[in-house]
J.: 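I am attaching a structure below and will ask some questions about it afterwards.
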Protein chains: 2
Amino acid sequence: MSTRDTGTEQLIKDTAKHLFFAEGKLHATTQEIADAAGVNRTLVNYYFRSRDILFDQVFNEAQEGFVCTLDEVFDSKMPFKEKIRNLISVFIKETAKYPFRQLFIITEMNRNELINAKKSRTKKVKAFMEEIQIEMDKGLVKKMDPRQFMLNLFSLMAHPFLTAPLHKAIFGMNDEEYAILMEDRKQLIYETIFP
Amino acid sequence: MSTRDTGTEQLIKDTAKHLFFAEGKLHATTQEIADAAGVNRTLVNYYFRSRDILFDQVFNEAQEGFVCTLDEVFDSKMPFKEKIRNLISVFIKETAKYPFRQLFIITEMNRNELINAKKSRTKKVKAFMEEIQIEMDKGLVKKMDPRQFMLNLFSLMAHPFLTAPLHKAIFGMNDEEYAILMEDRKQLIYETIFP
DNA sequence: CTTTTGTTTAACAATTTTGTCAAACTCAAA
DNA sequence: TTTGAGTTTGACAAAATTGTTAAACAAAAG
C-alpha cells in the first residue's frame, strides 16, 4: 500500500494537536476536529480507524516530543546551574507554544490509571536527582529532599501556564501582558531556586 | 412545594462532587454518578432537570466554598508571615481533600471563556498584593512584582497536587508516601517564599 | 383508611457522537 | 485513454448519553 500522501493524515493530527494543546479543547469531537481541519469527518476514521486511536497517537507523540526536548537539556554536560537556566528557558518556550499540553497529560494520566512507568525515565530522573544532591552537599543549593527541589522547580515553571485564564482574569491582564509576565519569570524562577 | 427531604438531592450532589474532585472523573456520566450514589439515573433529572444544571451547581458551590475558605485567611488581621503560614496550611489541607478541584476549575474556566471577573475578588486580591508590596518595601520579602509573588506561592502549593499521579509514577511512590511529602511541603514552601 | 403530595422507577423518545460502507473521485501508471 | 490503487464523500447504521413521561410507590395529612 503505497500512500499518495495528500498530507491529510498529518493535517488531521496537527489540527487535533492544536485544538487539544493550544486551544485547550480537550474534548473536541471528531466533527469539530474535522471542521477545524477543513476535511470530511469520515477521514478521521479512514486514517485512524477510531477516535480513540487518533487520541492515543496525538497524546503519545505530544508526550514523547516534550520528554525528548527536556532530555536534551538533562543529558547535556553543562554545569548544574547552567543546566537549570537552560531547562527553565526551554520549558517555558515549549509551554508557551502549547499551554494546555500539561493539563492534557495530567488529565489523561488520571483517566488511564497507570500508562507509563518507563524504566528509562526513572533512570534519568534518578540521575538528575543525584546531581541535585551533589549540589546540595557542596552547599550550592539549599538542602532538602531532591524530590521537593524538582517539585518546586516544575511547579514554578508549569503552574502559571495551567492557570493562565484564571490569573488573567484575577489580575485583569490581556494575553500580551501575561506573556510578558511569563517571560520575566525565567529570571525570577532562577533566583527563587538559587537564592 | 414542601419537600420531604429524603436526602437524595444532596446525596447526588455530594457524589458528583466526590467523583469530580476526589477521583478526578471530570466527565462522569449521569449514569456513573447515579450508580456511584446508588440511585436511579432519572433522579438526576428529577432534582436538577439536566446534567448541565447539576454540573453548574456543583461547580459553583465548589468554587465558592474554596474561595470562602481562603477569604477567611486573607481577611484575618494577623501579621503577614503568619497569614502566609496559615494560608499554606489551609490551602494544602483543602487541596488534599479534593485534589482535582483546581484542575476542574481551570478546565471549566477554559471551556466557558470568562465566567466570573467578580469585582469583589479583584478588590481582595488587590488588597493582598498591596500587603505584599508593603512587606517588600520593608525589605522583609524579596522584591519582585507582587503578582509574581502570588504566582510563586500558589504554584508551589497547588501544582504538586495537580500532578500527583505523574509524580507518584516518576518517583515510584505510593499514596501515603506522597501524602507525607505533601505534608513536609508546608514548611518548605514557607522557607522558599521567605528565604 | 383514604387522599394527597412528593418521590422513585422503568420504559420510551430524542439527541449526540461515533463507526461503516459503497459509490464517486483523483491522479499516476500501464 | 483506460486501469487501478488510494482518497474523499454522503448516506446510513450503531452506540452512547441524555431527557421525558406515566405509573408505581411511600409517607404525611385529612
Side-chain angles (χ1 to χ4, degrees), chain A residues 1-21 23-62 100 103-104 107-108 110-113, chain B residues 1-21 23-62 100 103-104 107-108 110-113:
Chain A
M1 157 188 162
S2 68
T3 73
R4 203 175 286 154
D5 191 18
T6 54
T8 307
E9 180 169 0
Q10 193 59 40
L11 173 64
I12 292 172
K13 219 149 57 175
D14 288 344
T15 306
K17 206 185 229 177
H18 185 263
L19 280 179
F20 293 152
F21 306 142
E23 294 190 25
K25 308 282 179 189
L26 264 65
H27 286 82
T29 295
T30 53
Q31 187 66 65
E32 292 174 308
I33 297 169
D35 286 350
V39 303
N40 191 290
R41 181 183 64 82
T42 325
L43 290 178
V44 174
N45 290 303
Y46 177 68
Y47 284 109
F48 302 94
R49 293 187 52 104
S50 78
R51 186 192 184 284
D52 281 349
I53 294 175
L54 166 62
F55 197 84
D56 288 350
Q57 266 191 38
V58 171
F59 176 73
N60 285 328
E61 285 182 18
F100 301 99
L103 193 58
F104 191 85
T107 310
E108 274 316 291
N110 201 344
R111 255 180 16 98
N112 279 22
E113 290 299 325
Chain B
M1 157 185 162
S2 67
T3 73
R4 206 176 282 160
D5 191 18
T6 53
T8 306
E9 180 169 3
Q10 192 59 41
L11 173 64
I12 291 172
K13 217 148 57 175
D14 288 345
T15 306
K17 205 183 230 178
H18 185 264
L19 279 179
F20 293 152
F21 306 143
E23 293 190 25
K25 308 282 179 190
L26 264 65
H27 288 82
T29 295
T30 52
Q31 186 66 65
E32 291 174 311
I33 297 169
D35 287 349
V39 304
N40 191 290
R41 181 181 64 81
T42 326
L43 290 178
V44 174
N45 291 301
Y46 176 71
Y47 284 109
F48 302 94
R49 294 186 52 99
S50 77
R51 187 193 182 283
D52 281 349
I53 294 175
L54 166 62
F55 198 84
D56 288 351
Q57 267 191 37
V58 171
F59 176 72
N60 286 327
E61 283 181 20
F100 300 100
L103 194 58
F104 191 84
T107 310
E108 275 316 290
N110 202 344
R111 257 181 15 100
N112 280 21
E113 290 298 322

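So that the names make sense, note that chain A is the first sequence line, chain B the second, and so on, each numbered from 1. As the structure is a computational prediction, the values presented were derived from the model and not from experiment.
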J.: Are any of T8(A)'s side-chain N or O atoms less than 4.0 Å away from OP1 or OP2 of dT8(D)?
T.: yes
J.: Can you find a heavy atom in the side chain of Y46(A) that is under 4.5 Å from one in the side chain of E9(A)?
T.: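 In short, these two side chains do not touch, never coming nearer than 4.5 Å.
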J.: Find the distance D35(A):CG to dT17(C):C1' and express it as a whole number of Å.
T.: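 It is 13 Å, rounded to the nearest whole Å.
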J.: Round to the nearest Å and state the distance from I53(A) atom CD1 to dT18(C) atom P.
T.: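 My rounded result for the distance is 14 Å.
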J.: How about I53(B) and Q57(B): do any of their side-chain heavy atoms sit closer than 4.5 Å?
T.: yes
J.: Where do A37(A) and L11(A) come nearest, in terms of heavy atoms and distance?
T.: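 Heavy-atom minimum between the residues: O-CD2, 3.5 Å.
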J.: Measure the distance from CG on L43(A) to P on dA24(C) and round it to the nearest whole Å.
T.: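 These atoms are roughly 18 Å apart.
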J.: Nearest whole angstrom, please: distance from the P of dA27(D) to the CG of D5(B).
T.: 14 Å
J.: Indicate for each nucleotide in nucleotides 14-25 of chain D, in 5' to 3' sequence, whether protein heavy atoms under 4.0 Å reach the base (B), only the sugar-phosphate (S), or nothing (-).
T.: ---SBBBB----
J.: Could you give the CZ-to-C1' distance, from F55(A) to dT18(C), as a whole number of Å?
T.: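 Atom CZ in F55(A) sits about 15 Å away from atom C1' in dT18(C).
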J.: Calculate the interatomic distance between H27(A) atom NE2 and dT18(C) atom P; express it in whole Å.
T.: 11 Å
J.: Describe the nucleic acid contact of F48(A) in one word from base, sugar-phosphate, nothing, applying a heavy-atom distance below 4.0 Å.
T.: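 Since no nucleic acid heavy atom lies under 4.0 Å of F48(A), the category is nothing.
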J.: On a heavy-atom basis, which atom in V58(A) and which in K17(A) lie closest, and how many Å separate them?
T.: CG1-CA, 4.1 Å
J.: Does T6(B) have a side-chain nitrogen or oxygen under 4.0 Å from the phosphate oxygens OP1 or OP2 of dG6(C)?
T.: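 Answer no for this pair, as no side-chain N or O of T6(B) is under 4.0 Å from OP1 or OP2.
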J.: Evaluate the side-chain proximity of F20(A) to I33(A): yes if any heavy-atom separation is below 4.5 Å, no if none is.
T.: yes
J.: How close or far is atom C1' of dT18(C) from atom CG of N40(A), stated in whole angstroms?
T.: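 Result: 13 Å.
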J.: Under 4.5 Å between any side-chain heavy atoms of E23(A) and F100(A), yes or no?
T.: no
J.: Would D52(B) and S50(B) count as having a side-chain donor-acceptor pair, cut-off 3.5 Å?
T.: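 No, S50(B) and D52(B) have no side-chain donor paired with an acceptor closer than 3.5 Å.
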J.: So, do D35(A) and Q31(A) sit near enough that their side-chain heavy atoms are less than 4.5 Å apart?
T.: yes
J.: Please enumerate all residues that pass salt bridge (charged side-chain N to carboxylate O under 4.0 Å, His left out) together with E61(B), with sequence neighbours excluded.
T.: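 Applying salt bridge (charged side-chain N to carboxylate O under 4.0 Å, His left out) to E61(B) gives K13(B).
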J.: Give the dot-bracket line for DNA chain C from 5' end to 3' end: parentheses for intra-strand Watson-Crick or G-U pairs under 3.5 Å, square brackets for crossings, | for inter-strand pairing, dots for unpaired.
T.: ||||||||||||||||||||||||||||||
